Number of protein chains: 2
Amino acid sequence: MRIGELSARTDTSRRLLRYYEERGLIVSTRCANGYRDYAGNLVDRVLQIRGLLDAGLPTRLIKQILPCLDKPRVIYFPDATPEMIATLEEERDRMTERVRFLTRNRDAISEYLAAVKEYNLTGSAPPAP
Amino acid sequence: MRIGELSARTDTSRRLLRYYEERGLIVSTRCANGYRDYAGNLVDRVLQIRGLLDAGLPTRLIKQILPCLDKPRVIYFPDATPEMIATLEEERDRMTERVRFLTRNRDAISEYLAAVKEYNLTGSAPPAP
DNA sequence: TCGAACCCTCACACAGGTGTGAAGGTCCAA
DNA sequence: TTGGACCTTCACACCTGTGTGAGGGTTCGA
């Protein structure tokens, strides 16, 4: 598919798709006229990239991580240098940390929203836990 | 405490502490000589801010969210405008989404790392699940 | 009283993700 | 064959979080 379609199907600007390619996150072949040609599986890939970016990971790391998230991954085993393993372990821990933080704060927000709802319903503050 | 101590206790540069203040995320009083004076509870507050920033939330939102995370929060109920409630609900959902994404990808990384470990141990790829 | 270690404001700079627009080529349908 | 929709590259520009340094005060111990 061409860039316009991929853009529409991923709700991602053409600009960003080219940027991701420049960063090595996605690849494309070229038609005879120079237009980019994308494989169908790139839709999922782009969505995954966006999610990881939104989660705070830089493209540099996403590029490292993406191959490991592919299936089958066996073919990537030989590429697993010790440095990369270390980077991945570090990043995994950082992600765990992020999840903890996000979850905790999100729960606090939920709790607050529930309390506000209760307040608006009954006109009085809910009992302290 | 002064900025140097807060900086040391939160492992955050003075520059950033001033920036957070400029953004309205933290407050300080001023000593007679113009030095900033921080309350002790700001240590936790700053760590929380850093966590939220690292989790991908912009200062703009953190500022909105922080008051809801305080205890007791009852005093903030009157401030809960419908727009703010809506913003919070939106952000809560975005955070849930982020958690899902991070967890999924982190698990994939963990799985990959485990497979690599197995591979290095036995010299052969683990059986496909 | 001097120097070190603080603090202040201001401002320039950078990296990363993203928008926007210019200048131009391609393709298809009216 | 012309117009519009699509594509190309290139470049400037923005915002946000952050570093760094200049120029200048304050505090305190040697």
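Predicted model, so just to flag it, every value in this text is computed and none were measured. A, B, ... follow the sequence lines: proteins, then strands. Residue 1 opens every chain.
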Heavy atoms, side chains only, cut-off 4.5 Å: are [X] and [Y] in contact?
X: A:Y38; Y: A:I26; result: yes
X: B:L57; Y: A:L102; result: yes
X: A:S28; Y: A:D37; result: no

Those residues of residues 29-42 of chain B lying under 4.0 Å from DNA chain D by at least one heavy atom: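 Residues of residues 29-42 of chain B that come under 4.0 Å of DNA chain D are, in numerical order, B:N33, B:Y35.
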Crowding at CD, A:E5 (>12 non-hydrogen neighbours, <6.0 Å):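 Above 12, so yes.
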Atom-to-atom span, [atom1] of [X] to [atom2] of [N] - whole angstrom:
X: A:R18; N: C:dG16; atom1: CZ; atom2: P; answer: 21 Å
X: B:E22; N: C:dA11; atom1: CD; atom2: P; answer: 12 Å
X: A:L61; N: C:dA15; atom1: CG; atom2: C1'; answer: 15 Å
X: B:D11; N: D:dT18; atom1: CG; atom2: P; answer: 12 Å
X: A:M1; N: D:dC6; atom1: CE; atom2: P; answer: 16 Å
X: B:E5; N: C:dC6; atom1: CD; atom2: P; answer: 12 Å
X: A:R50; N: C:dG17; atom1: CZ; atom2: C1'; answer: 10 Å

Contact under 4.0 Å: B:S13 side-chain N or O vs D:dT18 OP1/OP2: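 No.
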Residues 45-56 of chain A, side-chain donor-acceptor partners within the protein, below 3.5 Å, at least two apart:
{"from": "A:R45", "atom 1": "NH2", "to": "A:D70", "atom 2": "OD1", "distance (Å)": "3.1"}
{"from": "A:R45", "atom 1": "NH2", "to": "A:D70", "atom 2": "OD2", "distance (Å)": "2.9"}
{"from": "A:Q48", "atom 1": "NE2", "to": "B:N105", "atom 2": "OD1", "distance (Å)": "3.3"}
{"from": "A:R50", "atom 1": "NH1", "to": "A:D11", "atom 2": "O", "distance (Å)": "3.2"}
{"from": "A:R50", "atom 1": "NH1", "to": "A:T12", "atom 2": "OG1", "distance (Å)": "3.0"}
{"from": "A:D54", "atom 1": "OD1", "to": "B:R94", "atom 2": "NH2", "distance (Å)": "3.1"}
{"from": "A:D54", "atom 1": "OD1", "to": "B:R98", "atom 2": "NH2", "distance (Å)": "3.4"}
{"from": "A:D54", "atom 1": "OD2", "to": "B:R98", "atom 2": "NE", "distance (Å)": "3.3"}

Anything under 3.5 Å between a protein N or O and an N or O of nucleotides 13-17 of chain D, put it in a table, one pair a line.
{"from": "D:dG17", "atom 1": "OP1", "to": "B:T59", "atom 2": "N", "distance (Å)": "2.7"}
{"from": "D:dG17", "atom 1": "OP1", "to": "B:T59", "atom 2": "OG1", "distance (Å)": "3.3"}
{"from": "D:dG17", "atom 1": "OP2", "to": "B:Y19", "atom 2": "OH", "distance (Å)": "2.3"}
{"from": "D:dG17", "atom 1": "OP2", "to": "B:T59", "atom 2": "OG1", "distance (Å)": "3.0"}

Test side chain to side chain contact (heavy atoms under 4.5 Å, CB included) applied to A:E89 - qualifying residues, sequence neighbours left out: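 Counting only residues at least two positions away or on another chain, A:E89 forms a side chain to side chain contact (heavy atoms under 4.5 Å, CB included) with A:I85, A:R92, B:L113.
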Among C:dC6, C:dG19, D:dC7, the nucleotide that comes nearest once only the side chain of A:R14 is considered: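 Given the options C:dC6, C:dG19, D:dC7, the side chain of A:R14 is closest to D:dC7.
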Qualifying salt bridge (charged side-chain N to carboxylate O under 4.0 Å, His left out) pairs, either residue in residues 12-26 of chain B, two or more places apart: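 Counting only pairs at least two positions apart or across chains, the salt bridge (charged side-chain N to carboxylate O under 4.0 Å, His left out) contacts touching residues 12-26 of chain B are B:E21-B:R36.
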Residue pairs involving residues 99-108 of chain A (criterion salt bridge (charged side-chain N to carboxylate O under 4.0 Å, His left out); sequence neighbours excluded):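 Listed by first then second residue: A:E97-A:R100.
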